[in-house]
Amino acid sequence: MAPFDIIESAGKSYRLFWHYRGYLARLAIIPIMIKIVCWNLVIAFGWQEQYVRQAMVMLPSFFADGWMISHFIRLIFLGQTWPFKPTGNIEKDMEKLHNRALGIMRGTVSYVVIKFLMAGLLGLLYMYMQDNMQQVQNAEQDPSLFAFISAMLILALVLWLFKFTWFYIPAAINHPIPNLYKKIKGFKPALFIAATWMICFIPSLFLYKIFLEAFFGTPAEAPQDFATIQIIQDTCSIIVDTIMLFITTGGIAYAFAQVLLPKKKK
């Protein structure tokens, strides 16, 4: 039996994003600006392929994205929006505010830690791939069976680890992470989580590629024009990356909701 409905989770995420598009745009303004500044610093240092160094420069952006996406997660599970709207009952308002602040802090810190671990893993994989490519070129022969098996094992490991990259979702709503892990342990849930992510991610990426080819398909002749177009492309990439972060997180959050919540509360 499937741990959750993939299509339902992805569909709910798309509908929620469209319904709250104005609110999410206001929520994302500052994180997008911070990400643009940090990414320009990465380009200035030439660290596009230095993933650990890149993560250090992008640290303020990680915190901003973590804050933003934690609010989005609490909207999905608890119906809470930012900023906090007091009811007038000081005691209850303080309790709710404390609970919300704790969830936002946990979700943000979890998101930042996960992004750093992902940067380290990407750095190791990049070094491994570079070494393998160098060995193949030096040997001037096809990759061995051992290299193929190693690649398949690495792919399976990455796929299994992929589900752990979403553990900032339960952290943002103060839900015990071990409880979620018990529900999705094993390899089969990892496949369903990856499939949900693909349904949320690929259509947005496909439309973005069409947009770039339509407006920036012909390279500019002048260097200054090329630099301007590159800045516009980077800005568009960051905006689309933020949109996909909302949609993919929403899809996985709805999937986790099917696993964690009773049927009457889904």
Side-chain angles (χ1 to χ4, degrees), residues 13-14 17-18 20-72 82 107-108 111-127 129-130 158 162 165-166 168 197-252:
S13 179
Y14 279 108
F17 175 80
W18 183 253
Y20 284 97
R21 60 190 182 278
Y23 165 72
L24 296 178
R26 295 192 299 271
L27 193 67
I29 288 176
I30 300 302
I32 286 175
M33 293 175 63
I34 294 174
K35 188 179 294 186
I36 290 173
V37 173
C38 292
W39 181 247
N40 283 327
L41 289 175
V42 170
I43 294 175
F45 291 133
W47 288 349
Q48 293 91 325
E49 296 179 352
Q50 301 291 329
Y51 295 103
V52 177
R53 295 182 180 182
Q54 182 184 131
M56 295 296 295
V57 176
M58 297 295 292
L59 180 61
S61 174
F62 293 163
F63 274 101
D65 282 347
W67 172 88
M68 173 191 71
I69 210 64
S70 295
H71 279 289
F72 180 61
W82 177 83
T108 302
Y111 181 85
V112 172
V113 171
I114 289 170
K115 292 292 288 186
F116 260 96
L117 292 176
M118 289 175 61
L121 179 60
L122 285 174
L124 291 175
L125 288 176
Y126 180 78
M127 292 171 58
M129 295 299 295
Q130 290 290 100
V158 170
F162 184 67
T165 63
W166 305 98
Y168 61 86
W197 173 81
M198 290 178 65
I199 294 175
C200 294
F201 179 82
I202 292 178
S204 303
L205 182 63
F206 182 71
L207 292 175
Y208 171 61
K209 292 296 184 181
I210 293 177
F211 172 81
L212 285 185
E213 291 180 2
F215 288 91
F216 306 108
T218 305
E221 296 180 358
Q224 61 270 20
D225 293 337
F226 177 78
T228 303
I229 289 177
Q230 187 63 45
I231 292 173
I232 296 174
Q233 288 182 346
D234 289 341
T235 302
C236 292
S237 299
I238 290 171
I239 294 172
V240 173
D241 180 69
T242 304
I243 293 173
M244 289 190 290
L245 177 60
F246 279 127
I247 295 175
T248 54
T249 299
I252 305 300

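Position 1 is the first residue of the sequence; numbering continues from there.
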Worksheet item: In Å and rounded to the nearest 0.5 Å, what is the CH2 to CZ distance from W18 to R21?
Response: 4.5 Å
Worksheet item: Any side-chain heavy atom of P203 within less than 4.5 Å of one from Y14?
Response: yes
Fill in: OG1 on T249 to CZ on F17, rounded to 0.5 Å
11.5 Å
Worksheet entry | Shortest non-hydrogen contact between F72 and F246, atoms and distance | CE2-O, 3.1 Å
Worksheet item: Under a 4.5 Å cut-off applied to non-hydrogen side-chain atoms, are M58 and F116 in contact?
Response: no
Worksheet item: Between atom CD1 of I202 and atom OG1 of T248, what is the distance when rounded to the nearest 0.5 Å?
Response: 12.0 Å
Worksheet item: Does some side-chain heavy atom of V57 sit less than 4.5 Å from a side-chain heavy atom of R53?
Response: no
Discussion item. My understanding is that only residues two or more places apart in sequence, or in another chain, count here; which of them pass side-chain contact (heavy atoms from CB on, under 4.5 Å) with F63?
Written reply: L59, T108, V112
Worksheet item: Taking atom CE of M244 as the centre, does the number of heavy atoms from other residues, nucleotides or ligands within less than 6.0 Å exceed 12?
Response: yes
Worksheet item: Within a strict 4.5 Å, meaning less than it, do heavy atoms of the Y111 and W67 side chains meet?
Response: no
Item to complete: For D234, enumerate each residue passing the salt bridge (Lys or Arg N to Asp or Glu O under 4.0 Å) test, keeping only those at least two apart in sequence or located in another chain.
Response: none
Item to complete: Please identify each residue that fulfils ring-ring contact (aromatic ring centres under 6.0 Å, His included) with F201, with sequence neighbours left out.
Response: W197
Item to complete: Measure the spacing between CG of L245 and CD1 of I69 and express it to the nearest 0.5 Å.
Response: 4.0 Å
Fill in: Salt-bridge present (K35, D241; N to O < 4.0 Å)
yes
